[in-house]
Amino acid sequence: VAELMVSMGRWNLTYDTALQQITQEASLTSKPQLFLSYLINEGLLRTEIVGGITYVEFEFERFGDYFIVFYLVNSNKLNAWLSKTLRLENYGEALTILVPKLTGKEIYQVVPLQNQEEAFSNFIEYLPWRIDVTDDGIQKINEIVGNNLNAALYISVSCVYKKQFSFNGNLLTKTLEAMSLSERDQKWTIGISEYADELYTMLLNLSDWGQLLSAEMSQSLDEETVWLCCQGLVWALSSTNKRLRDKSTHALVNLLEWKPVNLCKLLEKFTKVNDPYIIERLYLVAFGVILKCQDDIYITQIAETVYNVLFKNGNVIEDIRVRDNALGIIEYAQYKIPSFSIDRNKITLPLGNSQLPSFLTIDQIDSLYRKDLNQAKDQKENEEYMAQNRILFSMAVEHSSRKNMSMYGDFGRYVFQSALDVFPENIEDLSNWAIQIIFQELGYDSKLFAKFDNLHTDYTSGSKDIERIGKKYQWIA
């Protein structure tokens, strides 16, 4: 049937033509019409009446694609066929997967020159469907990931769970962990926060899978596959897209409930990452896992890891969310297992130096970071100034003494000030300190984030699920 479709240049055949072919080929059956009806009844083929004529075609297009490609390759007619069609068209997936199986060569090695660019694009796109890759394919991938960051990120996310490949979750971590926070947020976080981005879609699919995974299926997964998937989900926690961040959090809890060894590995690996968004959520995941855990050995293992990684050396991360979740984990372990013992002096508040640093004054903040839009050289610089000023306006507290500031910022008043007003320190000093943290410690750079941040303000038509990078840094501060 596939042979006739190729030779006739059609995706369907008349019923009589199909029956004639089957009569010739199915020599062992005395009832070819009955045999054809069986193929149709079993869902391999289907019929459709158009203009009073009954046509036969493959029930599933992808199923038919593989038979057609199988015929083209085995009959050495692939190049002749391509010379007529000019493009790989809808057969890219079948060609990319079957050609290496049948010839030992990748698709880009066997197609004519005019098709090589398209074939190479298909080679990258359909890597997740592959069980193995030829030596030449591996070499090409290594060249790509070594020279093209976007391609390296795409490949490592699309193949994040593929333990037989080197370009998986381990490559993703190797690629991202060496970056500064601002560099990673520019090259990774912006992409995984946008609904239209392929990275966002792949990570959302991964988080949906992890979130909906049954307990039985989760337990049946091997440790290495879970480890690779969890690395992708942990890096998704850097996103300013609240939907992706929340789904990834739930997926991690679901996956790690039965894999405490992997949770401990993640805590040891990612507590050192320079993105508080990731660390905060990771310890929230650990708290969620230990609350669901019923095994005393697992509970002890998780609590010991948290204590050793975060408290034992006395250099506790200055992040209230990380600290409180970590303390909750240890205290829960002590409640469940009275024999669980640690040095309580290490987890007793205050944890470290309680002295506040010296703050920049309002005039110093304005001099360093406030921009005059009238001084912008062009539209690009104007957008950069707007993005930078938005942080200062957003962080403004009620009754601010900042010049030309007629209103407080919603974040500054209703989030920042409402949380810190109970302390005796001057609230505007604390706001200045937070701004100082945003620019000096976290490294906010409007040249990197202006386009994204101006698209996702509280006053634009963008999705409210997506926050500015500047807003992320405000939450961290």
Side-chain angles (χ1 to χ4, degrees), residues 177 181 223 226-227 230-231 233-234 237 245 248-250 252-358 415-416 418-425 430 433-434 437 441-442 475-477:
E177 67 180 348
L181 175 61
E223 298 278 352
V226 173
W227 167 246
C230 285
Q231 287 183 79
L233 291 168
V234 167
L237 299 177
R245 202 162 69 251
S248 298
T249 303
H250 287 293
L252 282 163
V253 173
N254 198 30
L255 280 168
L256 293 168
E257 180 182 355
W258 308 100
K259 307 292 180 183
V261 172
N262 280 327
L263 173 58
C264 294
K265 285 173 64 179
L266 289 170
L267 290 168
E268 291 167 349
K269 179 76 174 176
F270 285 91
T271 298
K272 303 172 186 175
V273 168
N274 55 7
D275 188 342
Y277 254 33
I278 291 177
I279 304 173
E280 287 174 2
R281 283 298 179 110
L282 183 56
Y283 276 84
L284 181 63
V285 166
F287 199 7
V289 169
I290 203 169
L291 290 176
K292 295 180 72 176
C293 191
Q294 302 298 318
D295 190 309
D296 286 357
I297 295 176
Y298 288 173
I299 292 173
T300 301
Q301 191 175 10
I302 295 168
E304 283 182 343
T305 300
V306 168
Y307 174 76
N308 290 333
V309 169
L310 204 61
F311 295 105
K312 190 174 182 179
N313 65 5
N315 188 25
V316 183
I317 294 174
E318 293 180 350
D319 188 308
I320 194 169
R321 288 179 172 173
V322 175
R323 186 201 69 192
D324 283 2
N325 282 315
L327 288 173
I329 289 166
I330 292 173
E331 289 169 355
Y332 180 76
Q334 291 180 320
Y335 161 74
K336 291 285 288 185
I337 310 163
S339 61
F340 175 69
S341 178
I342 47 92
D343 182 355
R344 288 203 61 85
N345 291 325
K346 298 285 189 180
I347 66 169
T348 302
L349 300 177
L351 301 170
N353 182 8
S354 60
Q355 295 297 316
L356 295 179
S358 58
V415 176
F416 189 86
S418 65
L420 298 175
D421 250 349
V422 295
F423 294 95
E425 281 73 26
L430 296 180
W433 182 23
I437 291 171
E441 294 184 25
L442 302 178
W475 280 113
I476 291 171

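These numbers come from a predicted model, not from an experiment.
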Could you measure the distance from the CG atom of Leu252 to the CG atom of Leu282? Nearest 0.5 Å is fine. 7.5 Å

Taking Glu223's backbone N and O only, do any of them form a donor-acceptor pair with Asn262's side chain (distance below 3.5 Å, no angle check)? yes

Euclidean distance, Asn325 CG relative to Ile330 CD1, rounded to 0.5 Å: 11.5 Å

Residue pair Arg323 / Tyr283, side-chain heavy-atom distance below 4.5 Å: no

N/O donor-acceptor pair under 3.5 Å between Thr271 side chain and Glu268 backbone: no

On a heavy-atom basis, the closest approach of Asn308 and Lys312 is OD1-CD, 3.4 Å

Indicate the atoms forming the closest heavy-atom contact of Phe311 with Lys346, along with that distance. CD2-O, 3.7 Å

Just wondering, more than 12 heavy atoms not from Tyr298 lying within 6.0 Å of its OH? no

Look at Glu177 together with Lys269 and state whether they make a salt bridge at an N to O cut-off of under 4.0 Å. yes

Determine the minimum heavy-atom distance between Ile329 and Ala303, stating which atoms define it. CG2-CA, 4.0 Å

Note, Lys336 side chain near Thr300 side chain (heavy atom, < 4.5 Å): no

Would you say that Phe287 contacts Asp324 through its side chain, given a criterion of any heavy-atom pair below 4.5 Å between the two side chains? no

Does any non-hydrogen side-chain atom of Gln231 lie less than 4.5 Å from one of Trp227? yes

Val285 and Leu256: side-chain contact (heavy atoms from CB on, under 4.5 Å), yes or no, with the steps? CA-CA 9 Å; Val285 166; Leu256 293 168; 4.0 Å; yes

Report yes if some heavy atom in the side chain of Asp343 is under 4.5 Å from a heavy atom in the side chain of Tyr307; otherwise report no. yes

Shortest non-hydrogen contact between Ile337 and Asp296, atoms and distance: CD1-O, 3.3 Å

Would you give the length of the straight line joining atom CG of Leu310 to atom CG of Leu267, rounded to the nearest 0.5 angstrom? 9.0 Å

CH2 of Trp433 to CG of Leu356: how many Å apart, nearest 0.5 Å? 5.0 Å

Rounded to the nearest 0.5 angstrom, the CD1-SG distance for Ile302 and Cys293 is 5.0 Å

Quick one: are Val306 and Ile290 in side-chain contact, heavy atoms under 4.5 Å? no

Are Arg321 and Leu284 packed together at the side-chain level, in the sense that at least one heavy-atom pair is separated by less than 4.5 angstrom? no

For Ile342 against Gln334, the heavy-atom pair lying closest together: CG1-NE2, 3.8 Å

Gap separating the CD1 atom of Ile320 from the CD atom of Glu280, nearest 0.5 angstrom: 10.5 Å

Minimum heavy-atom distance Ser248-Leu233, with the two atoms named: CB-O, 3.8 Å

Taking the side chain as every heavy atom from C-beta outward, state whether Trp258 and Val226 have any pair of such atoms under 4.5 Å apart. no

